**Student:** 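Just dropping this structure here.
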There are 2 protein chains.
Amino acid sequence: MKVLKRAPLENDPVPDLCRACKARHRGICGALDADQLAELSRRSHKQVVEAGKTLLDAEEPTTSYSNILAGVVKLSKMLPDGRQQIVGLQFAPDFVGRPFSPESSLKAEAVTATVLCTFPRNLLERMIEQSSGLEHRLYLQALAELDDARDLLLTLGRKTARERVATFLLMIARHTPKGEELEGEAESEAGFDLPLTRAEIADFLGLTIETVSRQLTKLKSSGVIRVEQNRRIRVPDMELLAAETGD
Amino acid sequence: MKVLKRAPLENDPVPDLCRACKARHRGICGALDADQLAELSRRSHKQVVEAGKTLLDAEEPTTSYSNILAGVVKLSKMLPDGRQQIVGLQFAPDFVGRPFSPESSLKAEAVTATVLCTFPRNLLERMIEQSSGLEHRLYLQALAELDDARDLLLTLGRKTARERVATFLLMIARHTPKGEELEGEAESEAGFDLPLTRAEIADFLGLTIETVSRQLTKLKSSGVIRVEQNRRIRVPDMELLAAETGD
DNA sequence: CGGATCCTTGAACCTAATCAAGAAATGTGG
DNA sequence: CCACATTTCTTGATTAGGTTCAAGGATCCG
């Protein structure tokens with residue numbers, strides 16, 4: 001974890017740190033004016049964390065929040081006996097943290113190398129009080145996360161293993177920005193890298209690692225996907241994949 | 001669905017409708033000043049809806065929002081082939097509706113006879129813009145719903161049938177206000193009525209009706225609960241039930 | 001009292017989990 | 001760059017928890 005940039009000069013209207021930032025317009029910072037942005041950036045730091053790094057831990061008091069600038073973060077819950085469930089995945093420019101609660105009930109962990117913009121908890125909570133636009137953005141993200149969580153509930157409660165895996169692949173495909181896609185021989189073909197291991201996919205879908213592997217193999221045999229080097233997926237026809245999701 | 005009360009006089013500081021209302025302080029209305037409360041109540045109506053009534057339908061444009069004053073509301077999603085999953089249960093004084101989205105992706109349905117305070121969509125959205133406190137309350141409720149949804153994700157993804165049923169019973173017990181409880185012969189004993197049918201419990205827990213029934217029977221044989229008249233549950237020792245939930 | 005709905009129980013089946021082994025990919029140090 | 005260790009993934013055989021199919025019993029309501 002190394003700090004890449006420091007705070008900008010005080011009278012800089014749009015801080016350097018924020019200028020090329022993904023969260024600057026699409027994320028919560030889009031709600032801030034130049035002064036607020038300057039203050040936030042003065043006490044923020046951009047950091048790159050390696051895969052596996054824990055950002056927030058259940059039962060640990062939270063001292064900071066972050067915006068994701070690149071990479072993928074998983075939110076998970078665990079039972080006392082070790083059974084684990086991933087309850088959410090977050091991508092840029094999502095906000096990571098649980099405002100108005102001294103501690104999180106979740107563990108937040110980077111699943112890939114991830115770039116974060118991190119700032120202290122009390123600063124954000126103070127800015128929320130000053131800027132209703134900021135709270136509005138946070139509210140909208142919470143509503144989006146609620147929709148995601150409820151979609152996943154339907155998946156876990158009612159879909160077959162095959163449908164779950166197809167649903168997951170489609171979700172990742174949709175989170176892969178056009179242009180970052182792999183180049184397909186066929187023009188219409190979509191391709192992407194899975195950010196998660198098989199074990200993580202299993203924890204996300206409420207399955208075992210073996211079942212995930214078998215279903216990927218079967219989707220491959222059915223011609224719905226091709227799998228290259230374990231993590232690289234190609235989808236010749238997105239409609240075909242969508243038809244496997246059950247919805 | 002019958003209207004019970006009409007709007008109060010314009011210069012009434014605290015409207016009649018709101019005076020004895022559960023949502024007045026604990027719900028979102030707690031964020032409103034007397035003027036705002038008067039305006040909201042002028043365009044609200046209190047209604048009693050019977051069990052089974054649909055409040056909001058997926059894919060239908062939303063025209064109104066409600067506060068729950070009494071009763072239980074279920075939020076559900078359905079796959080094209082009819083498989084169904086309940087993704088949330090709401091109790092008084094919860095707010096029902098999805099602000100900032102022209103339509104809901106969920107169906108909201110009364111599971112018991114329910115008392116609602118209903119008001120038009122555009123009014124609420126206008127008041128949100130005026131009152132940051134109102135949006136703050138809505139945000140807090142969304143965060144609470146997100147926590148609930150994620151707890152349920154862990155249940156659906158990783159718990160056994162027995163643990164799921166125990167988890168559900170404990171959740172209902174905790175939502176049964178002290179005093180509304182049934183009188184136990186033993187003082188320490190808790191008791192409550194299940195608001196849901198076996199079929200609804202199954203839809204909530206991602207199980208079948210038969211499995212729910214069997215697990216209730218087994219919890220009964222184990223002495224963890226007693227079941228009277230199908231819907232009435234008694235829990236001699238809450239700790240014993242909590243020990244069955246897996247967490 | 002009769003009909004409908006809701007709930008329970010049993011038997012057979014099936015999907016996904018578990019147990020087990022080996023193959024592929026990744027990373028490390030020489 | 002290769003040999004080796006480690007982690008990740010796949011595949012097979014078996015098991016088990018929950019579903020499906022089927023029937024009968026409670027409970028509720030007019």
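Just so you know, these numbers use all the heavy atoms, side chains as well, and skip hydrogens, waters and symmetry mates. The model shown is predicted, which means the values in this text are computed figures rather than measured ones.
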**Student:** With sugar-phosphate meaning primed atoms plus P, OP1 and OP2, does B/Leu207 contact a base, only sugar-phosphate, or nothing at under 4.0 Å between heavy atoms?
**Tutor:** sugar-phosphate

**Student:** Consider the side chain of A/Arg214, meaning its heavy atoms from C-beta on, and name the nucleotide among C/dC7, C/dA16, C/dT18 that approaches it most closely.
**Tutor:** C/dT18

**Student:** For B/Leu196 and C/dC6, what is the distance between atoms CG and P respectively, to the nearest whole Å?
**Tutor:** 13 Å

**Student:** Report the nucleotide, chosen from C/dA17, D/dC9, C/dT8, that has the shortest atom-to-atom distance to any side-chain atom of B/Asn230.
**Tutor:** C/dT8

**Student:** Answer with yes or no whether the side chains of B/Arg198 and B/Thr211 bring together a donor and an acceptor at under 3.5 Å.
**Tutor:** no

**Student:** On the nucleotide C/dA17, are OP1 or OP2 found under 4.0 Å from the side-chain N or O atoms that A/Thr208 carries?
**Tutor:** yes

**Student:** Check the distance between D/dT10's C1' and A/Lys218's NZ and give it to me in whole angstrom.
**Tutor:** 13 Å

**Student:** Do the ring planes of B/Phe95 and B/Tyr65 sit parallel (below 30°), tilted (30 to 60°) or perpendicular (above 60°)?
**Tutor:** tilted

**Student:** Is a side-chain donor-acceptor pair under 3.5 Å present for A/Arg83 with B/Thr160?
**Tutor:** no

**Student:** Contact class for A/Arg231 (heavy atom, under 4.0 Å): base, sugar-phosphate, or nothing?
**Tutor:** sugar-phosphate

**Student:** Take atom CZ of A/Arg162 and atom C1' of C/dA17, then tell me their distance rounded to the nearest Å.
**Tutor:** 19 Å

**Student:** Should B/Thr211 be listed as having a side-chain N or O under 4.0 Å from OP1 or OP2 of D/dT19?
**Tutor:** yes

**Student:** Rounded to whole Å, how long is the line connecting atom CG of B/Leu205 with atom C1' of D/dT19?
**Tutor:** 15 Å

**Student:** Is a donor from one side chain sitting under 3.5 angstrom from an acceptor on the other, for B/Thr118 and B/Gln47?
**Tutor:** yes

**Student:** Which nucleotide in the set D/dC9, C/dA17, D/dG12 lies at the smallest distance from any side-chain heavy atom of A/Thr197?
**Tutor:** D/dC9

**Student:** Provide, to the nearest angstrom, the distance between the CD1 atom belonging to B/Ile209 and the P atom belonging to D/dA26.
**Tutor:** 17 Å

**Student:** Which whole-number value in Å describes the distance from B/Glu200 CD to C/dT5 P?
**Tutor:** 15 Å

**Student:** Which one, D/dC21, D/dG18, C/dC7, comes nearest to the side chain of B/Glu210?
**Tutor:** D/dC21

**Student:** Should we say atom CZ of B/Arg174 is surrounded by more than 12 heavy atoms from elsewhere, each under 6.0 Å from it?
**Tutor:** no

**Student:** Taking CZ from B/Arg198 and C1' from D/dT27, how many angstroms apart are they, rounded to a whole number?
**Tutor:** 12 Å

**Student:** To the nearest Å, how far apart are A/Lys159 NZ and D/dG18 P?
**Tutor:** 22 Å

